[in-house]
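One structure is given below, encoded as structure tokens.
Computed from a predicted model, the values in this text were never measured in an experiment. Atoms within each ligand, like the ligands themselves, are counted from 1 in listed order.
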Amino acid sequence: MSTGRLVVGVTGASGAIYAQRFLARAASIYKEIYLILSEQAIQVASQELEVTISRAEFSTKPWLNVEALNIRLLSSKDYFTPPASGSFQHDGMVIVPCSMGTVGRIAGGTSDDLLTRSADVCLKEGRKLILVPREMPMNLIMLRNLVTVSEAGATVLPAAPAYYHKPQTIEELADTVVNRIFQQLGVDVGAKQWMAPDA
Ligand SMILES: Cc1cc2nc3c(=O)[nH]c(=O)nc-3n(C[C@H](O)[C@H](O)[C@H](O)COP(=O)(O)O)c2cc1C
């Protein structure tokens with residue numbers, strides 16, 4: 001049964017647009033979204049999207065173009081927050097985009113902040129954990145870490161956009177990844193399906 005709650009982590013891999021598009025959509029679907037941003041996520045979003053994300057005066061408006069009051073920003077060093085404990089029920093966690101550094105910390109079990117602790121919790125509780133890594137090329141350590149998190153129960157959903165629906169804009173291209181995240185969460189966002197009879 002859905003709790004209507006989702007945990008979202010955003011890290012400093014390239015692809016801030018994926019977090020932007022995913023969160024804007026998720027805000028209209030989920031009752032509560034618990035958001036954890038790494039320091040580098042804020043830097044990369046500033047560089048790629050030219051937006052300022054302020055922790056002190058947090059608002060989703062400048063970043064997502066919507067005021068989403070159901071998105072609650074958590075401090076990445078504050079463990080006195082719901083997703084730090086397995087006793088808090090939620091529908092899962094998405095880390096989008098997910099840096100290879102964060103993948104490595106999850107794979108190594110060396111959680112050192114709320115983001116990686118929340119991911120650990122998902123794995124130990126058998127909850128959905130979707131990682132959206134982006135890197136190229138990948139070294140052997142990165143590839144092995146992806147295998148490790150996959151074996152531990154995470155879904156590895158690389159930020160590898162699809163072209164077969166002929167996206168016309170960068171947003172449509174990014175949404176080919178975003179739609180797959182929702183698909184993995186079991187949420188129907190009406191995305192195009194390849195060769196579906198009613199498409
Ligand atoms: C502009 C820019 C782009 C980056 N792109 C990537 C990337 O695509 N994938 C990746 O794993 N790291 C990337 N990095 C490096 C991460 O930001 C860095 O490893 C950081 O320590 C990740 O920390 P975090 O996981 O706490 O966000 C990028 C850094 C910069 C400045």
> Is ligand 1 less than 4.0 angstrom away from at least one heavy atom of M142?
Replying inline: no
>> Side chains of T116 and D113: any donor to acceptor distance under 3.5 Å?
In response: yes
> Of the protein's non-hydrogen atoms, which lies at the shortest distance from atom 2 (C) of ligand 1, and what is that distance?
Replying inline: V44 CG2, 4.1 Å
>> Does atom CD1 (I141) have a neighbourhood of more than 12 heavy atoms from anything else shown, all under 6.0 Å?
In response: no
>> Does R180, at its CZ atom, have more than 12 non-hydrogen atoms belonging to other residues, nucleotides or ligands within less than 6.0 Å?
In response: no
>> Looking only at protein heavy atoms, which one is nearest to atom 14 (N) of ligand 1, and what is the separation?
In response: G12 O, 3.3 Å
> Under 4.0 Å from any heavy atom of T102, which atoms of ligand 1 are there?
Replying inline: 24 (P), 25 (O)
>> Pairs of nitrogen or oxygen atoms closer than 3.5 Å, one from E48 and one from ligand 1: do any exist?
In response: no
> Within a distance of under 4.0 Å, is there any protein heavy atom near atom 21 (O) of ligand 1?
Replying inline: no
>> For the residue pair E32 / Y30, report whether a side-chain donor-acceptor contact shorter than 3.5 Å exists.
In response: no
> Atoms of ligand 1 less than 4.0 Å from M100 heavy atoms?
Replying inline: 10 (C), 11 (O)
>> R134 versus ligand 1: do any nitrogen or oxygen atoms come within less than 3.5 Å of each other?
In response: yes
> Does the pair R55/E39 count as a salt bridge with the N-to-O cut at 4.0 Å?
Replying inline: yes
> How about Q40 and T11: does a side-chain donor come under 3.5 Å of a side-chain acceptor?
Replying inline: no
> Which of the atoms in ligand 1, numbered in the order shown and given with their element, are less than 4.0 Å from a heavy-atom of E135?
Replying inline: 7 (C), 9 (N), 10 (C), 11 (O), 12 (N)
> Under 3.5 Å, N or O to N or O, is S14 touching ligand 1 that way?
Replying inline: yes
>> Nearest non-hydrogen contact with atom 31 (C) of ligand 1 belongs to which option: Q43, Q47, Q40, R105?
In response: Q40
> For A84, does its backbone N or O pair with a side-chain atom of R117 as donor and acceptor, under 3.5 Å?
Replying inline: yes
> Would a distance-only check, ignoring hydrogens and angles, find a side-chain to backbone donor-acceptor pair under 3.5 Å from T176 to L173?
Replying inline: yes
